[in-house]
Amino acid sequence: MNNRKLAVFVEGQTELIFVREFLKQWYNYDANVVGFDCYNLLANEFCDAAYKYGSEDSENYFFLVNVGNDGSVLSSIIGRKKFLQNKGFQLVVGLRDMYSKQYIKDVGKHEIVDAVTQQHMDSVKGVLQGLENGAFVDFHFAIMEVEAWFLGMSGYLEKIDERLTAEYVGQNVGINLEDDPEKSVFHPAAELGRIYSSVGKQYDKHQSDISAIMSKLTTDDFVKLIESGKCQSFKSFAESLIGLEF
């Protein structure tokens with residue numbers, strides 16, 4: 001009997017790897033406690049992403065789906081809501097980046113504007129409120145991208161390259177790692193790329209890049225980020241996944 005049985009729909013590979021590795025870390029790599037199956041949504045079908053952990057009988061089971069398109073996360077969930085309810089899932093969690101062509105168009109420049117951010121969140125909230133049992137879906141935006149969460153846990157950078165101290169990044173890249181990246185960094189993936197480039201490395205959102213980062217993070221890193229007050233979108237997303245209020 002599952003304590004929690006959730007479906008999680010994300011926009012891309014970065015988010016899928018983040019979620020699966022976070023879950024393993026959080027539940028201490030105990031397959032009796034956490035299990036998940038990973039899928040890619042291709043041609044409107046769930047295609048096995050060939051990554052499985054634990055089983056459907058684990059205390060906490062997650063059905064992880066990479067939609068492959070930021071604008072399709074919500075519609076993909078809505079189109080399968082009844083199916084997932086019938087399969088006994090307790091909640092569907094959605095995750096996508098706030099950063100998008102539409103956001104840039106709405107703002108008119110490359111800048112975080114709280115009012116526009118709120119408009120995008122309210123738009124999704126309005127759609128869900130119009131659905132029968134809309135509370136079955138809990139939708140989250142990473143602001144502006146999941147890479148902002150990596151910047152919020154920047155201590156891992158020195159594990160990637162010992163030169164990447166906060167002082168070095170501030171002096172050579174011009175990014176203050178003490179700031180809340182959700183308030184100060186418009187395009188986190190690009191800024192993370194600049195940080196890596198400053199020491200002759202590359203960050204291109206490849207599977208190996210994300211996996212390397214996640215391998216350096218620990219449960220303590222996630223807890224410290226939550227307790228820091230930075231990256232509130234991560235806090236709310238983690239609360240949905242784990243079922244705890246931090």
Side-chain angles (χ1 to χ4, degrees), residues 2-31 33-38 51 53-54 58-67 70 73-74 77 84 89-99 117-118 120-121 124-125 128 135-156 177 179-183 185 188-189 192 210-211 213-246:
N2 305 118
N3 289 338
R4 291 177 67 71
K5 185 177 181 181
L6 272 61
V8 184
F9 284 61
V10 301
E11 75 167 63
Q13 175 178 258
T14 301
E15 292 76 18
L16 184 69
I17 295 173
F18 180 92
V19 172
R20 78 183 195 205
E21 299 304 316
F22 168 75
L23 289 171
K24 288 192 297 184
Q25 283 271 12
W26 192 265
Y27 291 110
N28 298 312
Y29 295 91
D30 188 339
V33 178
V34 63
F36 54 77
D37 290 285
C38 298
Y51 196 103
Y53 196 83
S58 300
E59 289 180 25
N60 303 278
Y61 175 72
F62 300 86
F63 182 82
L64 307 181
V65 182
N66 170 16
V67 171
D70 58 355
V73 179
L74 182 60
I77 292 173
L84 294 166
F89 286 94
Q90 301 160 349
L91 183 71
V92 183
V93 178
L95 175 67
R96 60 159 291 188
D97 293 339
M98 182 62 73
Y99 180 89
T117 299
Q118 192 62 50
H120 281 242
M121 293 191 291
V124 170
K125 187 182 298 183
L128 295 178
F136 179 64
V137 181
D138 198 358
F139 200 91
H140 298 266
F141 285 93
I143 304 189
M144 295 290 291
E145 298 174 288
V146 165
E147 283 84 359
W149 301 348
F150 294 149
L151 291 173
M153 298 182 283
S154 60
Y156 89 87
L177 294 176
D179 291 341
D180 185 345
E182 290 193 341
K183 299 180 182 298
V185 183
L192 198 58
I210 313 304
S211 296
I213 292 173
M214 295 305 294
S215 72
K216 305 298 183 187
L217 296 174
T218 68
T219 303
D220 283 345
D221 291 312
F222 300 125
V223 171
K224 287 177 181 177
L225 179 59
I226 290 168
E227 293 179 344
S228 73
K230 298 190 292 187
C231 296
Q232 287 295 300
S233 69
F234 170 69
K235 178 176 179 289
S236 63
F237 176 66
E239 288 176 338
S240 285
L241 278 186
I242 306 306
L244 296 175
E245 186 170 331
F246 297 106

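Residue numbers start at 1 and run along the sequence shown.
- Between Met214 atom CE and Ile17 atom CD1 the span is 9.0 Å, to the nearest 0.5 Å.
- Annotation: side chain of Glu59 is not in contact with side chain of Val34 (no heavy-atom distance under 4.5 Å).
- Under the 3.5 Å distance criterion, the side-chain polar atoms of Gln25 are matched with a main-chain donor or acceptor of Leu217.
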Inset, instruction - Go through the steps for Asp180 and Gln232 under the test side-chain contact (heavy atoms from CB on, under 4.5 Å), then give the verdict. - result: CA-CA 9 Å; Asp180 185 345; Gln232 287 295 300; 5.6 Å; no
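- Here OG of Ser236 is found 11.5 Å from CD of Glu245. Values are rounded to the nearest 0.5 Å.
- Taking the six-membered ring for Trp, Phe18 and Trp26 have ring centres at least 6.0 Å apart.
- The two residues Ser240 and His140 come nearest to each other via the heavy atoms OG-NE2, 2.8 Å.
- The two residues Lys230 and Asp179 come nearest to each other via the heavy atoms CD-O, 3.6 Å.
- To the nearest 0.5 angstrom, Cys38 atom SG is 11.0 Å from Gln13 atom CD.
- Side-chain contact between Val223 and Asp221 is absent, with no heavy-atom pair separated by less than 4.5 Å.
- Taken to the nearest 0.5 Å, the SG atom of Cys231 stands 11.0 Å off from the CZ atom of Phe150.
- Two residues are said to be in side-chain contact when any heavy atoms from C-beta on lie closer than 4.5 Å; Val92 and Asp138 fail this criterion.
- Annotation: side chain of Phe63 is not in contact with side chain of Leu6 (no heavy-atom distance under 4.5 Å).
- Phe136 is not listed as a side-chain neighbour of Leu128, based on a closest heavy-atom distance of 4.5 Å or more.
- Atoms NE2 and CZ, from His120 and Arg96 in turn, are 8.0 Å apart once rounded to the nearest 0.5 Å.
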Inset, instruction - Could you give me the CA-CA distance, side-chain angles and deciding distance for Leu241 and Leu23, then say whether side-chain contact (heavy atoms from CB on, under 4.5 Å) is met? - result: CA-CA 8 Å; Leu241 278 186; Leu23 289 171; 4.2 Å; yes
Legend entry - side-chain contact (heavy atoms from CB on, under 4.5 Å) assessment of Trp149 paired with Phe22: CA-CA 12 Å; Trp149 301 348; Phe22 168 75; over 6 Å; no
Inset, instruction - For Lys224 and Glu227, run salt bridge (Lys or Arg N to Asp or Glu O under 4.0 Å): C-alpha distance rounded to whole Å, both residues' side-chain angles, the deciding distance at 0.1 Å, then the answer. - result: CA-CA 5 Å; Lys224 287 177 181 177; Glu227 293 179 344; over 6 Å; no
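- Of the residues Val137, Asn66, Val67, Leu64, the one that meets the side chain to side chain contact (heavy atoms under 4.5 Å, CB included) test with Phe9 is Val67.
- Within the 3.5 Å criterion, the main-chain N or O of Lys5 finds a donor-acceptor partner in the side chain of Gln90.
- In this structure, OG1 in Thr219 is found 12.5 Å from NZ in Lys24, a value given to the nearest 0.5 Å.
- Between the side chain of Asn2 and the main chain of Asn60, no donor-acceptor pair closer than 3.5 Å is present.
- Under a 3.5 Å cut-off, the side chain of Glu145 and the backbone N or O of Tyr99 do not form any donor-acceptor pair.
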Inset, instruction - Applying side-chain contact (heavy atoms from CB on, under 4.5 Å), run through Leu151 and Leu192 and close with a yes or a no. - result: CA-CA 7 Å; Leu151 291 173; Leu192 198 58; 3.7 Å; yes
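- Taking the six-membered ring for Trp and thresholds of 30 and 60 degrees, Phe139 and Phe141 have ring planes more than 60 degrees apart, a perpendicular arrangement.
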Inset, instruction - Start with the C-alpha distance between Ser233 and Glu182, add both sets of side-chain angles, then the distance that settles side-chain hydrogen bond (donor to acceptor under 3.5 Å, both in side chains), and finish with yes or no. - result: CA-CA 8 Å; Ser233 69; Glu182 290 193 341; 2.2 Å; yes
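- Under a cutoff of 6.0 Å and an axis angle of 45°, Lys235 and Phe246 do not form a cation-pi pair.
- Between Phe36 and Tyr53, the ring planes are parallel. Angles under 30° get that label, and only those over 60° would be called perpendicular.
- Across Glu147 and Thr14, no two heavy atoms sit closer than the pair OE2-CG2, 3.8 Å.
- Of all heavy-atom pairs spanning Ala31 and Ser58, the tightest one is O-OG, 2.7 Å.
- Under a 3.5 Å cut-off, the side chain of Asp30 and the backbone N or O of Tyr27 do not form any donor-acceptor pair.
- Here the closest heavy-atom approach between residue Leu16 and residue Val65 is recorded as CD1-N, 4.4 Å.
- Side-chain contact of Tyr61 with Asp37: a donor-acceptor pair under 3.5 Å is present, judged by distance alone.
- Residue Pro188 comes nearest to Met144 through the heavy atom pair CD-CB, 4.0 Å, listed as atom of the first residue, atom of the second, then distance.
- Residues Val10 and Val73 have side chains not in contact (no heavy-atom distance under 4.5 Å, counting atoms from C-beta outward).
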